[in-house]
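In what follows, every heavy atom counts, from backbone to side chain, and hydrogens, waters and symmetry copies are set aside. Just so it is clear, the model here is predicted, and its values are computed rather than measured. Every chain is numbered from 1 and lettered A, B, ... according to where its sequence line falls, protein lines coming before strand lines.
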Amino acid sequence: MIENLVIVESPAKARTIEKFLGKDFKVVSSFGHIRDLTKKNLGIDITGGFVPRYEIPKEKIKVVNELRKAASEAKTIWIASDEDREGEAIAWHLIEVLNLDPSQTRRIVFHEITKNAIEEAIKSPRTVDMNLVNAQQARRILDRLVGFEISPVLWKKVQPALSAGRVQSVAVRLIVEREREIINFKPESSFKVTGIFRIITGSSNEYIKADAATKFNSEEEAKRFLELCREALFTVGNIAVKPGTRSPAPPFITSTLQQEAYRKLGFSVSQTMALAQKLYEEGKITYMRTDSTSLSKLALSKIREVVISEYGEKYSKIRQYKTTAKGAQEAHEAIRPAYPEKSSITGTQAEKRLYDLIWKRTIASQMADAQIERTTVTIDMNNSPVIFTATGEVVLFDGFLKVYTESSDHDNTEDEKAILPPVKAGMELYYNKITATEKYTSPPPRYTEASLVKKLEELGIGRPSTYAPIISTIQQRGYVTREDRPGEKRKITILELSEGKISSLSKTEIAGKEKSKLFPKDIGMIVNDFLQENFTDIIDYNFTAEVEEQFDRIASGKLAYNKMLKDFYTSFHPAVEETLEKKNKAKGVRVLGTHPETGETIIVKMGRYGPVIQAGDPEKGEKPKFASLQKDQLMETITLEEALKLFSLPRTLGQLEGDDVTVGTGKFGPYVRYRNKYYSLKKNVDDPYIITLERAIEIIREKDKADQQKVIKEFNEIRILNGRYGPYISFKGQNYRIPKGKDPAGLSEEECLDIINKNPKKDK
DNA sequence: CAGTGAGCGAGCTTCCGCTTGACTT
């Protein structure tokens, strides 16, 4: 018999708490929720008043059995799940499932994991808050209704295996709408003028870099201005010195950690979370799924000690940050080092770097403001109203900047903060060089995983535990893809005034180059438009915020959960029925034009295997021809010209030793085909539309040569090959590893068979 | 590895939010 059993959500938390509580307490973990709506069907009795039907998922049966056993052996049971909506529901499910006797069950919560806080919590137990539980049930049921009623509509009206939901559909919408803004964006160019001026101070020359405050719309205007500059007398006008301060960013929460780890370390959202999980389990950082920026009292005083001993008293400033995230539940502390005095840890390189980031951010958050002096100098011209301005920045006191500066999403390479030379008003300046550079306006940026999380958080959509899964779901469904794009070359003109001469040169720059950005795919755009048309309210950016308000009213006992659900359902469900009944299948059909030779109508649509262009209308008795779109083409932007080009493949280039050499493009990109063998074209080198027979033969010869070297030995169906990871055995489409210490070239057929039989093949 | 785009129908797919392991290569 155990005296006390404490149940928490996380096993790592259980381990920590057990240390504080002495031998009368046993601490176990529920591993999150233990019960959920039935998986196979809707799991809700709608006519009975939105009564949920719960079941214990298969993977949770073992945990539940262990909890049952532990509970039956304990005198008093303390349920210490998180103090938020989900945590309260977990507590209630535990009581129900374990059939706990209320007289020997206590609900407790603690806000920080310290001996003191836990002992305090145990002194003041309470009962389960059923209003809060009902708010969670309403949330759960609403999400199930939306997901399980709309998804089947998509299976019927768009494509099988698609999905829709309160959160994922909005995430997709953000990406689709951003892409459309980019598609419709028309870049405009103007000329930005920058001068390097010389001042004479004593015997030496010093230089000052300044930008003209006016931009010029055309090359002619820019040139005329440079002509003025050639003749102008430049003098220092105004000198304005402004003191300023900068304050540190608050400690990390899940979303800001994901953003900074992406910006500073290049980690993906899921990578960051996996690393943070590891650090948490090893007791190196506090819990990594949190929406609260607050730090415990104990942590604050520890951090203060670290700041003072490392940097001195005047660098220290205690700050408590207010949590600003919409819908934050604040069940945990901010993400911080468990032991702030440890500025580094042992572990992999990635773990060390993430820890370092968390440590710096936490320490900096408790440091003094930086004191800055910003100087703006204007330079006047005697023959033009245009002024030049130069700004310089001097850090008078670095404060938190000594440790950490937050990064931004936009690369501000131009924003260098120089120190200005000593100038006085009225001083004469001489130009050294003045350039007018053509600059294009840029479209709004595509989302990265991390900036999408930021946006979702601003909208109050999704939770710290779901940001990473949302991103993988919308990619798995094929709605969006994370990709690099090479960008396109663009010509720009630069005018330069130097030593009285104006010269013009043209340069190329790369525009629209992208790395690891989220792009919508055709099916994502079709589903988005379909939802927009038929379920406008659900994918409204404010939908979550509105239902959250109602959940809050349920939590405070002002609204009955089934009343809320009934009101929602009576307006939602008819839209489902009506869409099923009246709407045609959404294929995203768009007419591109007519074929210039045959006169057939060319359309683009979503086919069974992906987006296709189609020439000819079967309803007019024409036999349609099809061609798949290329990976980088969108149904929304493909032109007639590009579409016609797609029909030109596959084509025959000519003959090699009496057999045809053809070129086409397939599932894995462009290829050359010869005697039933495929040869991939080199990426970014060969183009299937313009490749010559000579080049194709070169590719064939190269690959054949490589393949010959690939085969080490051959016995009937057994082949010993050289692969990417070294030699291996290939037999009937299965690959087998050669045991260490064996010479691949020296293997006999029997030895090979032996290896094959010892490694039974798996069905996949 | 590299094709496919007729139509029918059975049986399957799906949500969000809590939490960590199992499986090998």
Undergrad: Atom CD1 of A:I471 to atom P of B:dG17: distance rounded to whole Å?
TA: 13 Å
Undergrad: Using a cut-off of 4.0 Å on non-hydrogen atoms, how would the nucleic acid contact of A:L154 be classed: base, sugar-phosphate, or nothing?
TA: nothing
Undergrad: Name the residue closer to the 5' end of DNA chain B, choosing between A:P464 and A:P152 according to the nucleotide with the nearest heavy atom.
TA: A:P152
Undergrad: Of the nucleotides B:dT14, B:dA2, B:dT19, which one has an atom closest to the side chain of A:Y671?
TA: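 Selected nucleotide: B:dA2.
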Undergrad: Would you kindly give the CD-to-C1' distance between A:Q136 and B:dT19, to the nearest whole Å?
TA: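 It is 14 Å, rounded to the nearest whole Å.
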Undergrad: Report which part of the nucleic acid A:S163 touches: base, sugar-phosphate, or nothing (heavy-atom distance under 4.0 Å, all strands).
TA: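 Sugar-phosphate: the residue A:S163, judged by heavy atoms under 4.0 Å, touches backbone atoms but no base.
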Undergrad: Side-chain contact test, heavy atoms from C-beta onward, threshold under 4.5 Å: evaluate it for A:K677 versus A:D704 and give yes or no.
TA: yes
Undergrad: I need the CZ-P distance between A:F626 and B:dA6, as an integer number of Å.
TA: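 Value for this atom pair: 6 Å.
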Undergrad: Please report, rounded to the nearest Å, how far the P atom of B:dC16 is from the CZ atom of A:R35.
TA: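 So the CZ-P distance, A:R35 to B:dC16, works out to 22 Å.
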Undergrad: Base, sugar-phosphate, or nothing: which does A:A89 touch, judged by heavy atoms less than 4.0 Å apart?
TA: nothing
Undergrad: Contact class for A:G610 (heavy atom, under 4.0 Å): base, sugar-phosphate, or nothing?
TA: base
Undergrad: Contact class for A:Y287 (heavy atom, under 4.0 Å): base, sugar-phosphate, or nothing?
TA: sugar-phosphate
Undergrad: So which nucleotide from B:dT20, B:dC18, B:dG5 ends up closest to the side chain of A:S628?
TA: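 Nearest to the side chain of A:S628 among the choices is B:dG5.
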Undergrad: Hey, does A:T473 reach any base, or is it just sugar-phosphate, or nothing, if we go heavy atoms under 4.0 Å?
TA: sugar-phosphate
Undergrad: OP1 or OP2 of B:dC15 sitting under 4.0 Å from any side-chain N/O of A:Q168?
TA: yes
Undergrad: Is A:F148 stacked on the base of B:dC15 when the test is centres under 5.5 angstrom and planes under 30 degrees?
TA: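 Base of B:dC15: not stacked against A:F148.
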Undergrad: Can you check whether A:R477 has a side-chain N or O nearer than 4.0 Å to OP1 or OP2 of B:dT14?
TA: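 For B:dT14, OP1 or OP2 has a side-chain N or O of A:R477 closer than 4.0 Å.
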Undergrad: Please identify which of these residues, A:E86, A:E548, A:Q550, meets the side-chain hydrogen bond (donor to acceptor under 3.5 Å, both in side chains) condition with A:R139.
TA: A:E86
Undergrad: Look at A:Q277 and B:dT20 and indicate whether a side-chain polar atom (N or O) is within less than 4.0 Å of OP1 or OP2.
TA: yes
Undergrad: Whole Å only: how far is the CZ atom of A:R144 from the P atom of B:dT14?
TA: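 Distance, rounded to whole Å: 12 Å.
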Undergrad: Looking at every strand, decide which applies to A:G664 at a 4.0 Å heavy-atom threshold: base, sugar-phosphate, or nothing.
TA: nothing
Undergrad: Is the Lys NZ or Arg CZ of A:K645 less than 6.0 Å from the centre of A:Y689's six-membered ring, within 45° of the axis?
TA: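 So A:K645 does make the cation-pi contact.
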Undergrad: Rounded to whole Å, how long is the line connecting atom CG of A:L629 with atom C1' of B:dG5?
TA: 13 Å
Undergrad: Counting just side-chain N and O atoms, does A:S465 come under 4.0 Å of either OP1 or OP2 of B:dC18?
TA: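 So the side-chain polar atoms of A:S465 do come within 4.0 Å of the phosphate oxygens OP1 or OP2 of B:dC18, strictly under.
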Undergrad: Check whether A:W92 forms a cation-pi arrangement with A:R35 (NZ or CZ under 6.0 Å from the six-membered ring centre, at most 45° off the ring normal).
TA: yes
Undergrad: In this structure, how many angstroms lie between the C1' atom of B:dT19 and the CG atom of A:D36, rounded?
TA: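 It works out to 13 Å between those atoms.
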Undergrad: Compare side-chain N and O positions of A:R289 against OP1 and OP2 of B:dT20 and report whether any pair is under 4.0 Å apart.
TA: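 So the side chain of A:R289 is within the cut-off, an N or O lying under 4.0 Å from OP1 or OP2 of B:dT20.
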Undergrad: Of the options B:dT13, B:dG21, B:dC18, whose atoms approach the side-chain atoms of A:H33 most closely?
TA: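 Nearest nucleotide to the side chain: B:dC18.
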Undergrad: Can you find a side chain N or O atom of A:Y609 that sits less than 4.0 Å from OP1 or OP2 on B:dA2?
TA: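 Answer is no, no contact under 4.0 Å.
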Undergrad: Quickly work out the A:L37 CG to B:dC18 P distance and round it to whole Å.
TA: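 Going from A:L37 (CG) to B:dC18 (P), I get 15 Å.
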Undergrad: Tell me whether A:F31 and B:dC18 count as stacked here, given that the ring centres must be under 5.5 Å apart and the planes must differ by less than 30 degrees.
TA: no
Undergrad: Report yes or no: is the cationic atom of A:R166 (NZ for Lys, CZ for Arg) under 6.0 Å from the centre of the six-membered ring of A:F543, at an angle within 45° of the ring normal?
TA: no
Undergrad: Tell me whether the OP1 or OP2 atom of B:dC18 has a side-chain N or O from A:T466 closer than 4.0 Å.
TA: no
Undergrad: Looking at the rings of A:Y54 and A:H93, which for Trp means the six-membered one, are their centres under 6.0 Å apart?
TA: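 Centroid separation for A:Y54 and A:H93: below 6.0 Å.
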Undergrad: From C-beta outward on A:Y678, which listed nucleotide comes closest to its side chain: B:dA2, B:dT13, B:dT20?
TA: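 From the listed options, B:dA2 comes nearest.
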Undergrad: Regarding A:R477 and the six-membered ring of A:Y479, is the cationic atom NZ or CZ under 6.0 Å from the ring centre and inside 45° of its axis?
TA: no
Undergrad: Could you tell me whether A:Y280 contacts a base, only the sugar-phosphate backbone, or nothing, with contacts defined as non-hydrogen atoms closer than 4.0 Å?
TA: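 Sugar-phosphate, backbone atoms only, no base.
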Undergrad: Please find the pair of heavy atoms, one from A:F535 and one from A:T579, that lie closest to each other, and give the distance.
TA: CZ-OG1, 3.9 Å
Undergrad: Between B:dC16 and A:R463, counting only base atoms on the nucleotide and side-chain atoms on the residue, is there a donor-acceptor pair under 3.5 Å?
TA: no
Undergrad: Base, sugar-phosphate, or nothing for A:R166, non-hydrogen atoms under 4.0 angstrom?
TA: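 Contact class for A:R166: sugar-phosphate only.
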Undergrad: Whether A:Y467 contacts B:dC16 is assessed here as follows: a side-chain N or O lying under 4.0 Å from the phosphate OP1 or OP2. Is that the case?
TA: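 No.
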Undergrad: Can a donor-acceptor pair under 3.5 Å be found between the side-chain atoms of A:S680 and the base atoms of B:dA2?
TA: yes
Undergrad: Between A:D143 and A:P469, which has a closest nucleotide on DNA chain B that is more 5'?
TA: A:D143
Undergrad: Looking at every strand, decide which applies to A:G32 at a 4.0 Å heavy-atom threshold: base, sugar-phosphate, or nothing.
TA: base
Undergrad: So what does A:V146 touch, heavy atoms closer than 4.0 Å: a base, only the sugar-phosphate, or nothing?
TA: nothing
